[in-house]
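As structure tokens, the structure follows; a few thoughts come after it.
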Amino acid sequence: MLHFTNIVVILFCVAGTMSFAADTAEVPTFPPEQVEFFEKHVRPVLIARCFECHSSDARNVEASLLVESRHALLAGGDSGPAIIPGDPNKSLLVEAIRYQFVEMPPKQKLSDEEIAAIVKWVEMGAPWPADNLKPVEVATDDEKELDWNALRESHWAFRQVQSPTPPSVVDQSWPKGDIDRFILSKLEQAGLKPAPAASREVLIRRAYFDLIGLPPTPAEVDAFVNDASDGAFARLVDRLLESPHYGERWARHWLDVARYSDGLGGSSDGAHQPHAWRYRDWVIDALNRDLPYDQFVRLQIAGDLIDPVNGVAATGFFALGPTYASDGGDPEAVAQAMSETLDDRIDTISRGMLGLTVSCARCHDHKFDPIPQLDYYSLAGVFNNTGIAIRGMAPAEIVQQFEQLQQQINERQSHRNAREQEFKKDGREPTTEETEELARLDAELHQLRTTAPPAPPYCHALVDSGSADMKLAVRGNLLRLGPVAPRRFLRILTGDSPPQFTQGSGRRELAEAMVDPQNPLTARVFVNRVWEHHFGAGLVPTPSNFGTTGEPPTHPELLDWLAANFVKNGWSIKWLHRQMMLSAAYQMSSQYDEHSFNIDGNNRLLWRMNLRRLEVEAWRDALLAVSGDLDRTVGGPPVDNIAVPRRTIYLLVSRNGDQVQPDEFMRLFDFPAMRATVEQRTSSPVPQQYLFMLNNAYMLNRAELLTTRLQREAPGDGERIALAYRLLYGRSPKDSEQQLGLSYLTASAAGPPEEYQKRWRQYAQVLLSSNELIYIE
Amino acid sequence: MDGGPSQVDTFDPKPLLTKENGQPFKMKIEPTQFNNNGHTLCSPWSFQQYGQSGIPVSELFPNIAQCVDDLAIVRSMTSEFSEHTNANYFLHTGSGLQGRPSMGAWVTYGLGSESQNLPGFVVLNGDAIPPGGLDNFNSGFLPATYQGSVFLPHGTAVADTQPLEPKPELQQGKLALLSQLDHGLLEQMGANDAIESAIANYELAYRMQGAVPELMDLSSETEATQKLYGLDSTFMPTQVFARECLIARRLIERGVRFVELTICGDRWDHHTDLKNGHYHNAKGVDQPIAALLKDLKQRGLLDETLVVWAGEFGRTPFAQGADGRDHSPFGFSIWLAGGGVKGGTIHGATDEYGYKAIEDRVSIHDLHATMLHLLGVDHQQLTFRFGGRDMRLTDVHGEIIHNILA
């Protein structure tokens with residue numbers, strides 16, 4: 001049921017193998033005839049039927065159980081000792097082969113004779129030849145063996161963030177700032193030259209889509225193209241960072257990390273979470289006011305504890321995640337559901353914020369990164385003491401007052417209804433007195449309702465539910481418990497003995513550990529995500545996996561320079577945007593160059609800007625903007641139909657991706673399933689997308705609106721074509737393109753007016769479907 | 001066969017159930033979904049031996065029974081889940097949790113498609129998408145290109161294939177203009193993979209406008225063929241499933257790599273009134289499935305097409321209430337036929353009550369490994385790097401069922 005490799009617990013190479021602590025002094029000896037019985041009737045069965053999964057040669061040792069020595073059987077596996085010599089009915093091995101416990105061997109039951117032989121052998125006291133009685137060497141997970149300092153030095157991402165000096169470069173004229181020195185130095189070493197600067201038209205379109213996810217208007221393009229003064233681009237960037245649409249664009253990037261959806265997932269997905277959007281709006285607002293990233297992280301983990309009024313909605317980061325419930329009530333299903341829910345929390349915080357695949361340590365120690373299984377449960381313990389509640393986003397007294405009054409109203413209403421029932425009992429009409437009483441009750445209720453304070457806003461939030469450590473779950477099974485895992489942060493990021501979390505669930509302490517400047521990952525992971533959205537690929541190409549199985553950074557020094565200075569500059573995300581966008585690297589053209597392509601075809605060293613395909617949100621928003629139909633309202637409850645011209649971030653989306661009207665459209669254009677934190681969007685231009693563009697009524701409608709707008713705003717075909725190019729692509733058409741358009745339109749100009757109108761609509765639809773709209777140079 | 005067809009009523013006869021019908025069930029009963037367990041319940045249907053192989057088939061499937069020498073029946077299938085959603089994810093993706101790529105996506109990712117005009121992985125939706133929804137056909141972490149495209153077995157089959165312009169030359173004119181614009185863009189940018197592949201997909205979309213209606217036009221099939229499948233059936237589920245099976249053959253002929261059919265009407269989930277429910281379900285699929293096997297064979301396609309008949313789990317040999325059967329994942333029957341399969345074979349066995357598989361147990365991972373093997377893919381080599389490791393359809397499991405290979 002769990003999906004990680006089953007292996008015997010072996011911790012990293014630094015953990016030496018150790019001997020079993022079995023007492024070798026008490027090894028019994030057995031009479032030769034008993035040993036012979038074992039050799040003849042038992043050992044062959046063990047070898048033939050059990051060794052495949054339960055010997056040291058097994059590809060994967062199952063349940064940590066080895067059956068190749070008496071000691072190993074006595075020590076047992078995950079479920080405890082496999083044999084109790086002399087007592088077959090209490091021996092798990094016997095229960096298993098009888099199919100009374102787990103059913104072993106799983107493919108085919110042993111024959112009755114084989115079972116009888118093993119039972120008899122256990123009865124005899126499990127005889128075994130003497131030379132095989134000595135303890136065997138097996139790996140252990142004795143954590144005292146781990147040298148955390150050495151481990152932290154063993155992989156780039158676990159080392160402290162450095163503040164490297166920008167390297168010197170040959171071409172002094174190209175760099176506009178420190179970022180460029182890091183980029184250029186690598187290019188020069190590889191014999192590459194940066195691409196020329198992008199044109200002003202290309203640059204403004206790139207900046208608009210990057211920062212606010214909308215195209216610039218023709219007037220905005222003109223103003224920028226004609227602004228010859230110093231700092232024109234810096235001012236443009238500043239202006240866009242002040243736009244309320246900036247938060248909408250960048251919130252969506254974060255909502256992918258937060259696997260945000262309006263639905264619950266699973267079979268309850270249809271019932272959408274009514275207040276989910278409060279978290280979405282909190283993210284938009286936090287970005288718009290440049291909430292420092294460390295605080296952004298703190299509030300999402302413990303906002304209810306830090307700032308119960310303004311921070312509580314932030315905890316939707318976890319509270320809106322998939323929360324599993326069992327179908328029935330049987331203990332195994334309940335445990336499985338809890339275990340999945342905890343895993344969602346661990347996976348989201350660790351991959352999303354730390355770039356670590358901590359979830360791999362749910363059932364066993366992480367196979368590749370120094371994350372013992374115990375550390376998984378140290379983090380899980382925090383969420384094991386955390387519940388989910390719908391909470392008011394107002395001071396506690398106000399919420400309480402409101403709720404008490406509402407309860408009072410409900411009680412009075414029930415009382416009134418009950419009275420009416422009494423009066424009408426047996427079908428009789430109420431007396432005059434009774435009618436008066438009802439009227440009085442109604443008046444009171446009306447009074448209460450009209451004077452009641454308005455409902456405070458509500459959100460889905462976390463709430464502390466306890467303060468206890470949990471135990472490690474053997475193989476991820478919460479019904480099989482191992483040692484206590486003290487609540488504390490990951491040791492690979494803190495050292496041998498990180499302080500234990502003691503206040504409530506420990507979320508507040510966890511939040512502090514996440515943003516501790518000594519933590520080498522939080523800042524690195526975030527600056528890399530921002531880089532990815534500006535440049536089309538991260539410096540670390542696996543943005544949610546900085547562990548040993550992820551890809552190493554192409555520019556490690558630049559990554560550290562960015563992370564260190566990001567923290568130094570108060571974790572300001574807007575500072576980060578400015579640094580990146582004002583670099584020469586950002587302002588390069590995406591022009592192809594054969595020489596460079598042959599050396600670095602994947603553009604890992606960034607010799608040109610990457611061509612990027614718009615995500616579904618920005619593409620649909622662009623369609624709305626250019627056809628003059630965009631409703632620019634910021635925030636509020638989601639809309640449940642793509643025909644509503646609100647920005648795409650406000651469309652209702654389910655977790656399963658097949659519950660609500662916008663799902664089909666969103667999924668068609670690569671909106672990811674919000675099952676788990678999204679590492680990066682995929683971009684797959686499947687034919688069904690183009691069928692949508694060619695034939696869907698939505699596109700027809702956009703094309704009609706665009707045509708109307710063009711005809712309203714420009715006098716003749718030539719001017720209209722020019723306006724269309726400026727609206728859609730941010731540039732004027734070339735002569736050949738003008739001609740192409742004119743000849744397409746005039747093919748029917750002589751025909752009846754409806755024909756001409758249709759022709760325009762077709763032309764507009766082609767322009768809207770063109771790759772030039774959906775790709776950003 | 002969404003819902004979980006009962007093994008003891010279909011391909012795994014158990015005379016002992018008849019002998020002990022109505023008596024307390026003699027084996028230890030595992031927890032069931034509803035825990036409303038009744039007594040031993042015999043099959044309301046009799047079994048007869050068919051073909052050279054003499055394999056017994058229930059009277060529920062008189063037509064499929066005629067093809068029994070082409071079937072390899074696995075009677076020792078097991079699943080890890082006894083609830084529909086998880087069991088369906090498990091059957092489709094090798095994981096009981098939502099979000100992994102479907103086997104159709106893996107196969108298309110591994111083998112590509114031979115069709116120039118249609119997607120590589122098509123789901124024909126009779127009207128019952130299994131519990132778990134479209135995620136049963138999803139591409140998960142594989143690129144979205146490989147996700148299942150859901151076609152309806154009637155009407156236009158796919159959204160937006162109906163050209164917006166009434167006259168073909170108008171639609172063509174639009175595409176020509178688009179192509180000119182896009183080639184202009186390419187010239188301006190220099191060589192570019194992304195744009196080139198986008199143009200290719202535009203062209204595929206355009207071809208689908210023609211290919212899908214052509215696919216769906218069953219009038220080119222002879223009357224005999226239409227009758228063979230049951231297109232003329234007055235029983236609606238048969239008629240719909242007949243269309244699905246016939247369209248499936250046409251998809252395969254057109255080079256589509258992986259086709260999945262979902263049933264029409266009720267699921268095989270008869271917690272009550274098994275006799276009536278299973279009867280109607282079987283009636284809905286028996287003739288069309290047999291027709292598909294025969295038709296593929298007579299066209300020489302069966303030896304290069306793998307046909308798999310499976311539900312997500314089986315049902316209890318004891319009653320739920322008085323006359324139903326509850327879910328049971330401990331031992332159930334599925335079958336494979338066609339390319340590379342040794343027909344007329346029975347693999348594995350359940351106990352004498354048909355409750356638990358006791359011989360040559362087969363896991364869902366083993367089924368996937370075998371299917372991939374038959375398609376010419378090593379299940380241990382078909383990997384995709386995600387979340388820091390090389391993911392497989394079979395995770396770290398899977399053993400090929402050699403006994404059923406030709």
Side-chain angles (χ1 to χ4, degrees), chain A residues 1 3 5-6 60 99 106-109 265-267 327-328 330 340 351 357 360 368 542 545 547 549-550 590-593 597 611 613 656-658 670 673 675-676 682-692 694-696 700 736-737 740 744 762-763 765-767 769-772 775 777, chain B residues 28 31 33 35 80-81 83 85 95-99 119 131 133-135 138 140 143-145 149 158-165 170-171 173-175 177-178 180-182 184-185 189-192 194-195 197-199 201-202 204-206 208-209 356 358-361 387-389 395-396:
Chain A
M1 260 181 271
H3 308 290
T5 326
N6 290 320
N60 300 308
Y99 276 30
K107 296 278 170 193
Q108 193 158 353
K109 204 173 171 182
S267 50
D327 296 338
D330 78 283
E340 293 304 336
R351 282 202 294 134
T357 52
C360 293
F368 305 102
T542 50
N545 185 4
T549 57
S590 58
Q591 203 67 47
Y592 175 77
D593 176 80
F597 189 85
L611 181 76
R613 192 169 200 255
N656 293 354
D658 57 1
D670 287 316
R675 298 297 317 167
T682 55
S683 163
S684 54
V686 295
Q688 288 91 326
Q689 292 175 357
Y690 295 108
L691 282 171
F692 181 92
L694 280 174
N695 297 330
N696 193 282
L700 174 68
S736 58
E737 290 165 331
L740 196 61
Y744 186 85
Q762 289 163 2
Y763 179 63
Q765 191 192 355
V766 170
L767 293 180
S769 308
S770 157
N771 280 308
E772 191 164 353
Y775 281 93
E777 286 185 58
Chain B
K28 183 185 155 208
Q33 198 192 22
N35 269 332
E80 291 174 15
F81 300 91
E83 187 278 322
T85 303
S95 160
L97 295 175
Q98 197 168 17
L134 296 179
D135 266 354
N138 217 330
T145 319
S149 293
V158 187
D160 301 325
T161 47
Q162 179 73 35
L164 200 56
E165 313 306 334
L170 287 180
Q171 187 83 345
K174 273 200 321 200
L175 194 82
L177 178 64
L178 192 53
Q180 272 172 301
L181 295 181
D182 279 347
L185 184 65
M189 310 224 13
N192 190 294
I195 306 273
S197 111
I199 293 174
N201 275 297
Y202 244 134
L204 174 52
Y206 182 76
M208 275 174 74
Q209 292 180 154
K356 291 185 172 182
I358 51 163
E359 226 175 76
D360 295 320
R361 286 195 191 186
R389 70 181 182 98
D395 198 357
V396 297

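In what follows, chains carry the letters A, B, and so on, assigned in the order in which the sequence lines appear, proteins first and then strands, with residues in each chain numbered from 1.
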Original post:
So which part of A:F692 gets closer than 4.5 Å to some heavy atom of chain B, the side chain, the backbone, both or neither?
Top reply: both
Original post:
Side chain, backbone, both or neither: which part of B:E359 has a non-hydrogen atom closer than 4.5 Å to chain A?
Top reply: both
Subject >> Side chain, backbone, both or neither of A:L694 within contact of chain B (heavy atoms, under 4.5 Å) >> reply: both
Original post:
Do you know the tightest heavy-atom contact between A:L691 and B:M208?
Top reply: CD1-CE, 3.8 Å
Subject >> Top of A:Q762, A:Q591, A:E737 for chain B proximity - count of heavy-atom pairs under 4.5 angstrom >> reply: A:Q762
Subject >> B:N201 side-chain N/O to A:Y690 backbone N/O, donor-acceptor pair under 3.5 Å >> reply: no
Original post:
Which answer fits A:Q688, side chain, backbone, both or neither, if we ask what part of it has an atom under 4.5 Å from a heavy atom of chain B?
Top reply: side chain
**OP:** For B:Y202 and A:S769, indicate whether the former's side chain and the latter's backbone hold a donor-acceptor pair under 3.5 Å.
**Re:** yes
Original post:
Is it the backbone or the side chain of A:T542 that comes under 4.5 Å from a heavy atom of chain B, or both, or neither?
Top reply: neither
Original post:
Is it the backbone or the side chain of B:L204 that comes under 4.5 Å from a heavy atom of chain A, or both, or neither?
Top reply: both
Original post:
By a 4.5 Å heavy-atom criterion (distance strictly below it), what part of B:D182 contacts chain A: side chain, backbone, both, or neither?
Top reply: side chain
Subject >> When A:P687, A:S736, A:S590 are compared by non-hydrogen pairs under 4.5 Å with chain B, the top option >> reply: A:P687
Original post:
Of all of A:R613, A:Q689, A:K109, A:Q765, which one pairs up most often with chain B through heavy atoms under 4.5 Å apart?
Top reply: A:Q765
Subject >> Side chain / backbone / both / neither for B:P119 at chain A, heavy atoms under 4.5 Å >> reply: side chain
